Each structure stands twice: as C-alpha cells, then as structure tokens.
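Only a predicted model underlies this, so the values are computations on that prediction, with no experimental measurement involved.
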2 protein chains.
Amino acid sequence: MPIRLDDIDRRILRVLQAEGRIPNSELAERVGLSATPCLRRVRALEEAGVITGYRADLDRTRIGLGLTVLVGVKVDGHRDENARAIQEALQAMPEVVSCHLVSGETDFLLQVVVPDLAAYERFLLGTLLKLPMVKDIRSNIVIRTVKENAPLPLG
Amino acid sequence: MPIRLDDIDRRILRVLQAEGRIPNSELAERVGLSATPCLRRVRALEEAGVITGYRADLDRTRIGLGLTVLVGVKVDGHRDENARAIQEALQAMPEVVSCHLVSGETDFLLQVVVPDLAAYERFLLGTLLKLPMVKDIRSNIVIRTVKENAPLPLG
DNA sequence: AGTGAAAACCGTAGCGT
DNA sequence: ACGCTACGGTTTTCACT
C-alpha cells in the first residue's frame, strides 16, 4: 500500500505540508525542478492518494473557540457491537474535530472544541452523555497546545 | 481576542477549511462575491491571524507511517518546573505530531506517528523514556481513525 | 465595501530533448 | 522523466461607484 517516493517527491510533500497554497512555480523552484514536471508530480501524488487534500488552518481562539478538551470515552459491552452506532453519532457532532478508536485505557479518544467551559458542560451533559452506550468519560482540559498538526516525518 | 466575523467571512472560512487550494475566483463565486473583495477578505483574515496557514493533508499509510499512537505522559514533581524542558524535547521529536499540556489524568497527551510497532517500541524505549522527568506512559494504539481534523464549527 | 477592466503572473498542454 | 514555449486562465492592482 505505501507508494514509492523519491527525494524530490519528499521535498514536494515537505513544502506542501507547510505551505499548501504556494504557487506551483515557486514550489518548483524550491524543489529544484521546472514548473511542468513539478506540477506533474503534484498531480501524481494527488491521484495516488498521497496528498488527500488542502486546507486552511484557523486560529481557534480568534473565532471564539477558546477551549479544547481531549476526551476519553468508554462504551458498554463489546466494542464491536456498539462501535458503528457510536462512531456515527460522534462523527455527526461538530464539536468533535477528531475521533480515534483505540486499544488502551479507553475505547475512543476525542478532541472536542468549544467556546468555553459552559459550552463544554452543555456538550457533555446534553450530547455526549445522552449516547446510550457510554459507560465512562474522562475529560482532559487542554491548558496549552505545545505542538499541533506538525508535518509528518518523511524519511 | 476573538475577531468579529460576518456571514461572508464565515462562508470563506468554511470553504477554505475544506479546500485550501481553491482559486480565489471560485471561492468568490461560492461565497457570492466578486474576486476582488473576496481576496481582500482572505488577506484580512490572514493578517488578523484567523487563517494561520495552508497545508496539504497526506495519507499516512501511503507514506509508510501506518501506526498512530495516542500517548499519555506523566512527569515527575511539579509540572511547572519541568514543563519547559519537556515541551522543548517533545517539540523536537518528529514522530510527535501533536502535543498538548492538559489537566486531567496525565500531564501531556501526544499523538505519535510511526511506521509500525517495532518503530514505536524504538521510539518509546530509545527516545521518550530517555527523558529524565517522565514518570509514567500510557500508550493508546489507534485502531481506526473515525474522524480527523474536521472543520471547526463556525457559528 | 463592491465592481470592472487591465496588467502581471501562473497553470497546463504539446512537443522536443 | 525533464524542460521549453505558448496559450488561456487567475490573481492582483487601480480607478470608480
């Protein structure tokens, strides 16, 4: 399943992970290629599914979302039975910006983004705890984001 | 600290969160503006720090990073004393793609990306446990990523 | 704040290497 | 595979509403 990447591909991915909106002409310059083959490689990486998309990163605090909470969720009974229903419910919650099914102390680990503690309480009581198969919830309030969405290490 | 956003700003942010490389002309069309004011708004959002950057999303499995682990780290003594040293160490580790200082069961929660379990073992024993002030580590292996980096809810 | 036109710049296809 | 050239489209500036 992993795709073979050469050195230039890796350079392209490194640049695009940091500057997703850079013009192809400048990308080409930075990776030491002319524009045409550079664009061809980018398209090939997109079509191979290596690059899955592009997106703008926002500063949460500036759009009134000052609180991030990392939430561990345990579910009732055997995970396999409930997994799909819970996953769909979590996926539909806009406050949940990421959700992983894990093996460890909890079943799911969520990243929840809300304006403040009052909103988090509302989310917890009104939404998350309303799910029928939730057994236990551990809330880890984020005090400081040390690092977020850092570039993936490319060899 | 939060910036005032009107309806069109929110529409712009919604589009750019999903399609960060969309041409301005098309963005303008989608939000119901002509190109010039649309670009002005995007620039203003960038300068106000609402948009902090743009980036390509990669498929980890296709670049040979098949394993994600969410790691809880407890540190010795009072957090404040060690916090800076640990944070700097974690920030320098390329396998650590995100790192949050939290209040809850653990002190730090990390997202670690590696090729496989063998590489994770190497990271754990050779890097993370080498930090002098680490007291306890809980590894939550990601079985399935249900949702990741979903768009932030914009009112 | 938005519009429209013009200039500069960029993306992309075709072809040659 | 890379690079060049050329065309068409996009971004960006500017004068105006």
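- Residue B:R41 contributes atom CZ, which lies 17 Å from atom P of D:dT12 at whole-angstrom precision.
- Taking atom CG on A:D7 and atom P on D:dC2, their separation rounds to 12 Å, with Å as the unit.
- Regarding B:N24, its CG atom lies at a distance of 9 Å from the C1' atom of D:dT10, rounded to whole Å.
- Rounded to whole angstrom, the span from the CG atom of A:L39 across to the P atom of D:dG9 amounts to 16 Å.
- Between the side chain of B:K74 and the main chain of B:K135, no donor-acceptor pair closer than 3.5 Å is present.
- Using a 4.0 Å cut-off between a side-chain N of Lys or Arg and a carboxylate O of Asp or Glu, B:R11 and B:D7 qualify as a salt bridge.
- Between B:V75 and B:I86 the shortest heavy-atom distance is CG1-CD1, 3.1 Å.
- Between B:S34 and the phosphate of C:dT3, there is a side-chain N or O to OP1/OP2 separation shorter than 4.0 Å.
- B:I63 and B:L117 fall into different hydrophobic clusters, defined by Ile, Leu, Val, Met, Phe, Trp and Tyr side-chain heavy atoms under 4.5 Å apart, directly or through other members.
- A:L33 has its CG atom 15 Å from the C1' atom of C:dG11, to the nearest Å.
- Within the 4.0 angstrom heavy-atom criterion, base atoms lie near B:P37.
- Out of D:dT10, D:dG3, D:dC14, the shortest distance to the side chain of B:T36 is found at D:dC14.
- Taking a 6.0 Å sphere around CD of B:Q91, one finds it holds more than 12 heavy atoms contributed by other residues, nucleotides or ligands.
- Toward the 5' end of DNA chain D, the nearer of the two residues A:R21 and A:R40, judged by each one's closest nucleotide, is A:R40.
- In this structure, CG of B:L27 is placed 9 Å from P of D:dT11, rounded to the nearest angstrom.
- The phosphate of C:dT12 (OP1 or OP2) has a side-chain N or O of A:R43 nearer than 4.0 angstrom.
- B:I8 has its CD1 atom 6 Å from the P atom of C:dG2, to the nearest Å.
- With D:dG3, C:dG11, D:dT11 as the choices, the nucleotide that has an atom nearest any side-chain atom of B:S25 turns out to be D:dT11.
- Going from atom CD1 of B:I22 over to atom P of D:dT10 covers 11 Å, rounded to whole Å.
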